[in-house]
Amino acid sequence: MSELPKTFDPAAIEERWYEHWESRGLFRPDRADAKPWTIVMPPPNVTGSLHIGHALDNTLQDVLTRRERMLGKDALWVVGTDHAGIATQMVVERNLDSQSVKRAEIGREAFLDHVWEWKAQSGGAITRQLRRLGASCDWAHERFTMDERYQRAVTHVFVELYKRGLVYRDKRLVNWDPKFQTAISDLEVETKDVQGKFWTLSYPLADNTGAIQVATTRPETMLADMAVAVHPDDERYRALIGKQIKHPITGRLVPIIADEHADPELGSGAVKITPGHDFNDFEVGKRAGFKPADMLNMFDAQAHVVQTQDGLIPEDLLGLSRENARKAIVAKLEEEGALVRVEDRVIPTPFGDRSGVVIEPWLTDQWYVDAARLALPALQAVKKGDIRVVPETWKKTWYNWLENIQPWCVSRQLWWGHRIPAWYGAEFERRDTVDGNGVTHAQIGIKAFVAETEEEAQQQALAYVRKLELPAPPGWEEATPVVESEAEATELWMKGEGYPLWRDQDVLDTWFSSALWPFATLGWPEETEDLKRHYPNDVLISGFDILFFWDARMAMQGIEFMGEVPWRTLYLHGLVRDAQGAKMSKSKGNTVDPLGLIDRYGADALRFTLAAMESQGRDIKLDEKRVEGYRNFATKLWNAARFLQMNGVGPSDSIAAPKAELPVNRWIIGEVVETLAKLNAAFDELRYDEMADAIYHFVWGTFCDWYVELVKGAFDEETKRVAAWAFDQILVMLHPLMPFITEELWSANERPYELIVAKWPEPEAQVDPHAKAELDWLVRLVSEVRSARTELNVPPSAKL
RNA sequence: GGGCGCGUAGCUCAGUGGUAGAGCACACCCUUCACACGGGUGGGGUCGUAGGUUCAAACCCUACCGCGCCCACCA
């Protein structure tokens with residue numbers, strides 16, 4: 001038995017214990033025969049560092065994991081990191097930039113080498129920080145979403161979805177981020193209100209019989225106007241339907257069409273239609289018979305003006321940015337007298353959630369997941385109760401989103417990520433199209449071969465030409481040639497030097513791969529032992545902010561590929577806010593650094609605070625005073641242990657409660673039993689605040705304030721035995737919340753095993769109602785005496 | 001436009017049909033041999049507003065006020 005120091009210093013013990021647990025493999029002791037229990041950690045970005053949100057999320061997970069481990073289960077907490085496509089590419093690109101190295105100059109392969117190098121060096125700092133928190137995850141099982149094996153799983157899923165018709169390529173408008181020059185999904189777009197203007201323009205009729213007024217918030221896109229729409233029932237314009245207008249800037253002749261999209265109440269009731277640059281107009285355009293391939297495009301990838309297919313944009317506008325193009329166009333319109341009116345107006349404007357720039361609807365070929373079909377079983381799983389959602393209020397949000405889900409754009413024009421397993425080649429059939437102005441465009445058809453390997457794609461290509469009963473191009477019989485890019489391929493093609501394939505340059509949305517986390521980390525698609533034992537996971541804990549991004553997609557992919565829900569319970573927690581309730585952000589400078597709090601108060605205090613403040617369905621307003629308070633609680637516990645030690649109270653030799661005669665001992669045993677019951681109930685309901693409340697009040701309000709005071713100076717053998725047992729139960733019950741101090745105090749006595757693998761309490765005892773009544777009476781009596789004494793101003797030194 | 005949540009002591013939050021709770025803060029007392037990161041005592045709330053249901057409402061219902069969040073193509 002080692003003597004405890006007088007003061008409790010978390011810093012002195014935390015690192016030592018973590019190292020001990022990890023090196024002895026105690027986070028996942030060998031329990032092949034035990035009942036499995038599984039949770040996967042939302043993989044933090046490799047670029048990330050531990051912020052307070054991670055601290056909350058992982059505390060909640062660790063609390064459950066530690067208890068399940070103590071319940072004797074084979075508790076597996078899967079840990080790993082996410083490659084985080086855009087975020088990581090940005091970081092590495094910035095690093096290279098500072099060394100005057102440009103991504104475009106060094107090329108894809110060299111750039112990816114740099115990313116991997118960066119990942120090896122500084123990536124994953126966050127996993128080291130997770131250790132500070134005490135996260136008892138299975139590091140031997142650590143995964144990365146770009147591990148070779150994981151990549152195979154991702155590729156397999158993509159190819160399978162393609163075979164099942166759930167993944168397809170389509171040309172349509174996407175949310176285009178002109179800063180990162182990639183497509184992004186609907187979820188990555190944040191709509192914000194921006195003070196803007198509402199322009200009313202006058203478009204002259206082509207037959208010079210008048211003009212029609214149209215209104216717009218984006219005059220610059222008029223360069224790609226293809227129609228003017230009016231409501232079919234709008235009497236004012238009925239006679240104009242079918243006529244043409246002569247576009248005031250491009251001179252393009254554009255039809256006036258009838259479409260219900262035009263709202264007679266709004267503006268003039270007539271609206272310009274720019275199918276290539278507006279989501280509504282795209283639909284109107286399709287209804288009007290325009291094919292996506294023929295829709296006019298006036299922007300390049302950076303949203304600078306480029307010439308439309310019909311060559312009608314005036315030279316002086318080419319190359320201008322969106323903003324400058326707007327100014328120039330408005331000026332021109334004004335000059336021509338085509339500008340009728342300008343009004344101030346608040347415009348809901350789409351922004352890229354990472355880039356912060358205005359998103360441009362842009363016509364491109366992208367890969368889409370048929371999310372609606374995948375969503376159905378995920379929707380049902382919650383409705384049928386196969387997934388329990390805690391708190392229940394999120395069920396509605398779940399239904400609402402999945403019921404209205406749109407196709408998910410999964411291709412990204414980035415380099416860092418899972419390369420899309422598609423190879424393209426000539427379709428070997430000409431498909432000429434005729435545009436609205438009667439001009440014929442030669443189109444070279446492109447055929448996609450989706451396969452897990454290049455060899456497979458080559459074979460598919462060969463099979464394809466054979467099916468068309470065409471002779472295989474030179475070299476194809478041996479192996480279809482593959483070149484780097486489409487440009488390279490077409491060049492060879494034009495020169496008559498073969499018809500090679502080229503691989504898709506794009507990568508997949510990061511969330512596409514993280515959606516596989518609950519099973520791909522367990523070895524899927526191989527039928528591993530881990531997979532059989534640990535899928536479905538028991539519970540997932542995540543912030544509600546990634547409910548759609550991650551949770552819902554995990555459910556969709558999990559059910560599709562595993563035939564079962566990914567987890568039985570989905571627990572959603574809120575955001576951690578500052579003491580004033582404001583959202584923490586780096587720019588506001590109100591972030592709380594969890595590592596700083598750990599330095600000042602210890603990991604146990606931070607963990608206890610986060611758990612105590614985690615009440616379902618509410619955000620957490622973190623106040624440092626609270627952390628300080630629970631640091632004090634740890635000190636209280638520490639001193640109780642010292643007191644017991646001074647009085648010769650050692651370790652308990654039994655898990656079951658000892659036999660006791662004295663009412664005070666029988667009472668405290670009953671109090672342990674009741675506390676345990678409260679704690680177990682709180683765990684069943686995932687009520688972290690109640691867990692913390694139950695153990696806090698038992699330790700401080702019952703054990704320290706009353707039991708210890710009552711037995712002071714009267715430590716007979718029975719009392720020592722009971723005190724030892726009760727205190728051991730405290731250590732066990734508190735361990736999931738405060739693992740470090742409890743393990744340290746546990747080890748103050750000789751023990752056959754560490755607390756982390758000790759058994760969860762089974763007192764095999766009952767509350768003794770007589771002892772309880774007696775002690776309750778005594779507590780009340782003493783309290784009343786004290787109260788009376790204070791009220792009568794009796795000096796405390798006076799003897800009763 | 002739709003959906004969700006919140007409004008209880010100075011602050012942060014539990015409670016959810018039957019005499020209002022916790023922590024912190026505050027006031028007073030205590031350098032008593034585990035602990036001043038402590039011990040003891042105490043003050044403080046017409047539970048957002050207005051109706052309704054009920055023997056009984058902070059808790060259920062309705063409306064309203066205030067705050068926050070999410071989703072949605074109003075040019």
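Below, read A as the first sequence line, B as the second, and so on, with proteins coming before strands; counting in each chain starts at 1.
Nucleic acid contact class of R642(A) (heavy atoms, under 4.0 Å, all strands): sugar-phosphate only. Using a 4.0 Å heavy-atom criterion, one finds that K636(A) contacts the bases of the nucleic acid, with or without backbone contacts as well. Using a 4.0 Å heavy-atom criterion, one finds that G269(A) contacts the bases of the nucleic acid, with or without backbone contacts as well. As judged by a 4.0 angstrom heavy-atom cut-off over every strand, V708(A) is placed among the base-contacting residues. Among the heavy atoms of the strands lying under 4.0 Å from T216(A) are primed sugar atoms or P, OP1, OP2 only; no base atom is included.
For D705(A), whose side chain is taken as the heavy atoms from C-beta onward, the closest listed nucleotide among rC37(B), rG23(B), rG40(B) is rG40(B).
At least one side-chain nitrogen or oxygen of K621(A) sits closer than 4.0 Å to the OP1 or OP2 atom of rC13(B). The side chain of K272(A) contributes no N or O atom lying less than 4.0 Å from OP1 or OP2 of rA75(B). Contact annotation: R345(A) side-chain N/O to rA75(B) OP1/OP2 distance is under 4.0 Å. Between W700(A) and the phosphate of rC37(B), there is no side-chain N or O to OP1/OP2 separation shorter than 4.0 Å.
Salt bridge status for K678(A) with E690(A): absent, with no side-chain N to carboxylate O gap under 4.0 Å.
The base of rC24(B) does not come close enough to the side chain of R626(A) for any donor and acceptor atom to sit less than 3.5 Å apart.
The separation between W401(A) atom CH2 and rA72(B) atom C1' is 14 Å, rounded to whole Å.
The partner of rG38(B) is rC30(B), by the rule that a Watson-Crick or G-U pair needs both atom distances under 3.5 Å.
Residues Q213(A) and Y237(A) share a closest heavy-atom pair of O-OH, 4.5 Å.
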